[in-house]
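Side chains included, hydrogens not; waters and symmetry mates left out as well; all remaining heavy atoms used.
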Amino acid sequence: MIPVTKPSVEEVRLWSQSFDKLMKNPAGRNVFREFLRTEYSEENMLFWLACEDLKQEINKSSIEEKARSIYEDYISILSPKEVSLDSRVREVINRRMQEPTPHTFEDAQLQIYTLMHRDSYPRFLSSSIYKSLTCSGSRTSSES
């Protein structure tokens, strides 16, 4: 794992206020990803991050390459890291893959974001991973 600076008490507190705050914070995403790994759903975060990366791309051949890679890794039915998408979103992606853009996976990304928000996020907030951060944070703040 990539070494990450320990999140501040304030950051950890903000993550419980909203899923958006958690996902906008690099340390928050890393902690949440660790949690998802324990639930065998880390591919949701990996897919979301890959889509974020694709959105930053401007080079046409890189866009196509990254889009194919995302498709093979997360959308293809044969993929070991396949994310859970409904048939409507899959059809949209299949059409868009004819000419991939940085926004090819937008619908799918939103669906996965929503799934993580509704499904995994509430469990994350009551997980030992999150609780250990809030406990260690409150101890250090009371000592100062």
Item to complete: Can you tell me which residue pairs pass the salt bridge (charged side-chain N to carboxylate O under 4.0 Å, His left out) test with a partner in residues 44-62, sequence neighbours excluded?
Response: Glu52-Lys55, Asp53-Lys66, Glu57-Lys66, Lys60-Glu64
Practice prompt. Write down the atom of Ile70, the atom of Cys51, and the distance for their closest heavy-atom approach.
Written response: CD1-N, 4.1 Å
Worksheet item: At their closest point, which heavy atom of Glu82 faces which heavy atom of Ile77, and how far apart are they?
Response: OE1-O, 3.4 Å
Practice prompt. Verify whether the ring centers belonging to Phe32 and Phe19 lie closer than 6.0 Å.
Written response: yes
Discussion item. As an exercise, state the distance from OG1 of Thr104 to CZ of Arg95, rounded to the nearest 0.5 Å.
Written reply: 12.0 Å
Fill in: Heavy-atom side-chain contact between Phe124 and Val31 under 4.5 Å
yes
Fill in: With Glu43 via side chain to side chain contact (heavy atoms under 4.5 Å, CB included) - residues at least two apart
Ser41, Tyr74, Lys81, Val83
Worksheet item: Same hydrophobic cluster for Ile112 and Leu110, using side-chain heavy-atom links shorter than 4.5 Å among ILVMFWY?
Response: no
Discussion item. Membership question, hydrophobic clusters at under 4.5 Å side-chain separation (ILVMFWY): are Val92 and Ile75 in the same one?
Written reply: no
Discussion item. With heavy-atom distances below 4.5 Å as the criterion, would you say the side chains of Ile63 and Leu54 are in contact?
Written reply: yes
Item to complete: Check Ser120 against Glu39 and note the closest heavy-atom contact, atom names and distance.
Response: OG-OE1, 3.8 Å
Discussion item. I'd like to check Met23 versus Trp48 (side-chain heavy atoms, cut-off strictly below 4.5 Å). Are they in contact?
Written reply: yes
Worksheet item: Arg96 and Glu106: which non-hydrogen atoms are nearest, and at how many Å?
Response: NH1-N, 4.2 Å
Practice prompt. State, yes or no, whether a side-chain contact exists between Leu46 and Asp73 at a heavy-atom distance under 4.5 Å.
Written response: no
Fill in: Counterpart residues, side-chain hydrogen bond (donor to acceptor under 3.5 Å, both in side chains), relative to Glu42 (two or more places apart)
Arg33, Arg37
Item to complete: Could you tell me which residues satisfy side chain to side chain contact (heavy atoms under 4.5 Å, CB included) with Asn94, sequence neighbours excluded, listed by chain and number?
Response: Tyr71
Worksheet item: Measuring from Ser126:OG to Tyr121:OH, what's the distance to the nearest 0.5 Å?
Response: 11.0 Å
Worksheet entry | Main-chain N/O of Ala27 paired to Glu11 side chain as donor or acceptor, under 3.5 Å | no
Item to complete: Might you point out which heavy atoms bring Pro7 and Leu133 nearest each other, and give the distance in Å?
Response: CG-CD2, 4.2 Å
Response to the item:
Rounded to the nearest 0.5 angstrom, the CD1-OG1 distance for Ile129 and Thr134 is 12.0 Å
Worksheet item: With sequence neighbours left out, what residues match Glu65 under side chain to side chain contact (heavy atoms under 4.5 Å, CB included)?
Response: none
Worksheet item: What's the shortest heavy-atom distance between Leu125 and Trp15, and which atoms?
Response: CD2-O, 4.2 Å
Worksheet, complete the sentence: Taken to the nearest 0.5 Å, the spacing of Leu49 CG from Asn44 CG works out to 11.0 Å
Worksheet item: Say you draw a straight line from NE2 of His117 to CG of Asp119; how long is it, rounded to the nearest 0.5 Å?
Response: 11.5 Å
Worksheet item: Taking everything shown except Glu99 itself, do over 12 heavy atoms lie less than 6.0 Å from its CD?
Response: no
Fill in: Gap between atom CZ of Phe35 and atom CE of Met45 - 0.5 Å precision
11.0 Å
Worksheet item: Would Glu10 and Arg13 pass as an ion pair if we require N to O under 4.0 Å?
Response: yes
Practice prompt. List in chain and number order the residues that pass side chain to side chain contact (heavy atoms under 4.5 Å, CB included) with Lys21, two or more places apart in sequence or in another chain; answer none if no residue qualifies.
Written response: Leu14, Gln17, Ser18
